[in-house]
Amino acid sequence: MPATLLEVDDLQTWFYTGRGIVKAVNGVTFSLLEGECLCLVGESGCGKSVTALSLLRLFDSPPGKIVGGRVMFDGTDLVSCPVSHLRHVRGKDISMVFQNAQSAFNPVFTIGDQIIEQINVHGRIDHADAVKLACKLLEEMSIPEPERALKMYPHQMSGGMKQRAMIAMSLSCNPRILIADEPTTAVDVTIRAQIMNILLDLKSRRNMSIIFITHDLSLVREIGDRAAVVYGGKVVETGTVENILQKPAHPYTRGLISCLPDISTNAKRLPSIPGTTPNPLDMPCGCSFNPRCPDVMDICHTAEPELLNISNVHCVACHLYTAEKRQ
């Protein structure tokens, strides 16, 4: 059994704004094993990206603040540890591929300067060796003419090249955990396939643990070992990818899967989940999914469901299962 590399327990990240408190992450719990790919799945606005940023405390504070929970890595709580320790972890042990590579790169420095800086911050190796390593990383990402690419500025690269350069920079210090936040969102289908192949290769060849954030369940099927479904700043279902996709337990997960296109049916219009994601300034009482749930019960409006084990590898937070347990 692989060892647990990262353990997130009841993580809560709130943003204090002029309009009120935005509870973007409000009780997220999951674990990550060595060599595993865990997918965080959900609609836009459910709290996936803020969860990822909270693991390394990369949000602006103020207005953001982690008000509760723990993020345990190598026996250290990354929530309460000094910033000086966290700086050694960021980029070296835990690295992140951001959703928008254009805004993640500094426009006034070349791609090579930025990758080499990352290498020197943590490795402090000879400059010539750092240049060779940066060139090798770009070549590994299938970027043509890597020596020339090192001298390019971000605006001179296409969106797909920038995304792959971002992955190269995140791998420069051989991290144990890679957080990939929607890495295929702004690229075409061909580049998306290349990025997915790169991540799958890293997982198998380097035995790297990956937290893969997406709203696309087809990508979850392709890369994931386990999945955690996020809604309203909470994890509402966790399990193996096979269980999540073949035996979804939460009504929200079933809704997400039913929205996938299926060429085997003659339906002219895809079904959709009614309503919209809840306003984080005014979350519903009880279960946050109750305004959109087809199986809503009276208790859903008053009590928040707990995450229950329904099998050895499958957990769900839904009153449908607490009612079954009481019976």
What's the spacing between [X] [atom1] and [Y] [atom2] if we round to 0.5 Å?
{"X": "Thr190", "Y": "Ile195", "atom1": "OG1", "atom2": "CD1", "answer": "11.0 Å"}
{"X": "Leu217", "Y": "Ile244", "atom1": "CG", "atom2": "CD1", "answer": "9.5 Å"}
{"X": "Thr214", "Y": "Lys48", "atom1": "OG1", "atom2": "NZ", "answer": "7.5 Å"}
{"X": "Leu53", "Y": "Thr13", "atom1": "CG", "atom2": "OG1", "answer": "9.0 Å"}
{"X": "Cys300", "Y": "Met297", "atom1": "SG", "atom2": "CE", "answer": "4.5 Å"}
{"X": "Leu150", "Y": "Glu145", "atom1": "CG", "atom2": "CD", "answer": "11.5 Å"}

Any [X] side-chain heavy atom under 4.5 Å of [Y] side chain:
{"X": "Leu58", "Y": "Phe98", "result": "yes"}
{"X": "Gln194", "Y": "Met141", "result": "no"}
{"X": "Val230", "Y": "Phe30", "result": "no"}
{"X": "Ile119", "Y": "Asp129", "result": "no"}
{"X": "Met196", "Y": "Phe212", "result": "yes"}
{"X": "Ile191", "Y": "Gln163", "result": "no"}
{"X": "Leu55", "Y": "Leu6", "result": "yes"}
{"X": "Val236", "Y": "Phe289", "result": "no"}

Partner of [X] by side chain to side chain contact (heavy atoms under 4.5 Å, CB included), out of [options]:
{"X": "Glu117", "options": "Ile115, Val121, Asp113", "value": "Val121"}
{"X": "Ile177", "options": "Ile210, Leu56, Ile94", "value": "Ile94"}
{"X": "Pro251", "options": "Ile273, Leu320, Leu256", "value": "Leu320"}

Looking only at heavy atoms, what is the nearest atom pair of [X] and [Y], with distance?
{"X": "Gln99", "Y": "Ser49", "answer": "OE1-OG, 3.9 Å"}
{"X": "Asn207", "Y": "Gly35", "answer": "OD1-CA, 3.3 Å"}
{"X": "Ser95", "Y": "Ser170", "answer": "OG-O, 2.9 Å"}
{"X": "Cys315", "Y": "Asn309", "answer": "SG-OD1, 2.6 Å"}
{"X": "His250", "Y": "Cys318", "answer": "CD2-CB, 3.9 Å"}
{"X": "Pro175", "Y": "Met208", "answer": "O-CE, 3.5 Å"}

Would a distance-only check, ignoring hydrogens and angles, find a side-chain to backbone donor-acceptor pair under 3.5 Å from [X] to [Y]?
{"X": "Asp201", "Y": "Asn197", "value": "no"}
{"X": "His88", "Y": "Asp93", "value": "no"}
{"X": "Thr253", "Y": "Ala249", "value": "no"}
{"X": "His319", "Y": "Ala303", "value": "yes"}
{"X": "His301", "Y": "Gly286", "value": "no"}
{"X": "Glu237", "Y": "Pro248", "value": "no"}
{"X": "Asn290", "Y": "Cys285", "value": "yes"}
{"X": "Lys23", "Y": "Trp14", "value": "no"}
{"X": "Asp225", "Y": "Cys37", "value": "yes"}
{"X": "Lys162", "Y": "Pro154", "value": "yes"}

Atom CG of residue position Asp126 - does it have more than 12 heavy atoms of other residues, nucleotides or ligands inside 6.0 Å?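 It does: Asp126 CG has more than 12 such atoms within range.
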Can you tell me if CZ on Arg205 sees more than 12 non-hydrogen neighbours from other groups inside 6.0 Å?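 Counting other residues, nucleotides and ligands, CZ of Arg205 exceeds 12 neighbours.
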Under 4.0 Å between a Lys/Arg side-chain N and an Asp/Glu carboxylate O for Glu222 and Arg192?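 Judged by the 4.0 Å cut-off on N to carboxylate O distance, Glu222 and Arg192 do not form a salt bridge.
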Residue pairs passing the side chain to side chain donor-acceptor pair (under 3.5 Å) test where at least one lies in [range], sequence neighbours excluded:
{"range": "residues 146-157", "result": "none"}
{"range": "residues 30-45", "result": "Glu36-Arg226, Glu43-Tyr252, Glu43-Arg292"}
{"range": "residues 60-82", "result": "Asp74-Arg176, Asp77-Ser80"}

Could you check Met157 against Ile111 for side chain to side chain contact (heavy atoms under 4.5 Å, CB included), going step by step and ending with a plain yes or no? CA-CA 9 Å; Met157 284 186 163; Ile111 296 294; 3.8 Å; yes
Might you work through the side chain to side chain contact (heavy atoms under 4.5 Å, CB included) test for Leu40 and Ile213, ending with a clear yes or no? CA-CA 5 Å; Leu40 296 185; Ile213 299 170; 4.2 Å; yes
Are [X] and [Y] connected in the hydrophobic side-chain network, where two residues link if heavy atoms are under 4.5 Å apart?
{"X": "Phe109", "Y": "Met166", "result": "no"}
{"X": "Leu5", "Y": "Leu202", "result": "yes"}
{"X": "Leu86", "Y": "Val71", "result": "yes"}
{"X": "Val50", "Y": "Met283", "result": "no"}
{"X": "Phe59", "Y": "Phe73", "result": "yes"}

